[in-house]
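Remarks on the structure that follows.
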Amino acid sequence: MEALKNFIYEYRGAIIGGLIAIVILCTRLYMLIVGIILIALGIFIGNYIQKNKYEVKEKIKNLIDRL
């Protein structure tokens with residue numbers, strides 16, 4: 001019994017994380033999380049392109065020339 005208590009005490013963070021992951025998977029909440037990440041990534045990329053318009057144009061031009 002003492003070994004089980006020590007195991008739970010030592011790995012309680014991993015156990016809680018695993019339970020949260022199971023709940024997220026069962027409720028399909030991961031689709032919402034992936035959507036939010038994609039929206040944030042799109043905002044970041046759009047902002048970067050807007051602020052560095054000429055550098056991005058040159059990088060795209062060089063990439064097309066390589067192909």
Side-chain angles (χ1 to χ4, degrees):
M1 194 66 174
E2 189 67 32
L4 180 63
K5 285 182 183 179
N6 288 338
F7 177 80
I8 291 174
Y9 181 75
E10 187 173 344
Y11 296 107
R12 67 178 177 237
I15 293 169
I16 292 170
L19 291 174
I20 290 172
I22 290 171
V23 169
I24 288 172
L25 286 174
C26 289
T27 59
R28 297 180 57 109
L29 191 59
Y30 64 91
M31 299 294 276
L32 176 65
I33 294 170
V34 169
I36 291 171
I37 290 171
L38 287 175
I39 290 170
L41 188 63
I43 291 170
F44 176 76
I45 291 172
N47 189 35
Y48 177 80
I49 290 173
Q50 183 179 5
K51 289 186 177 184
N52 302 307
K53 200 178 294 184
Y54 298 110
E55 292 176 21
V56 171
K57 282 183 182 179
E58 287 298 319
K59 288 179 183 179
I60 291 174
K61 185 190 280 187
N62 291 337
L63 180 66
I64 291 173
D65 289 341
R66 286 185 199 168
L67 296 176

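Any value given below was found using the heavy atoms of this structure, including those in side chains, with hydrogens, waters and symmetry copies removed.
- Checked options Asp65, Leu63, Ile64; the residue passing with Lys61 is Asp65 (criterion: side-chain contact (heavy atoms from CB on, under 4.5 Å)).
- Note: Tyr9 OH to Leu4 CG = 15.0 Å, rounded to the nearest 0.5 Å.
- Judged by distance alone, with hydrogens and angles left aside, the side-chain atoms of Asn47 form no donor-acceptor pair with the main-chain N or O of Ile43 at under 3.5 Å.
- Taking NZ of Lys59 as the reference point, atom NZ of Lys57 lies at 15.0 Å (rounded to 0.5 Å).
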Anything under 3.5 Å between a donor and an acceptor, one on a side chain of residues 16-41, the other on a protein residue two or more places apart or in another chain? List them.
from: Thr27; atom 1: OG1; to: Val23; atom 2: O; distance (Å): 2.9
from: Thr27; atom 1: OG1; to: Ile24; atom 2: O; distance (Å): 3.4

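- Using cut-offs of 30° and 60° for the angle between ring planes, the Tyr48 and Phe44 rings count as parallel.
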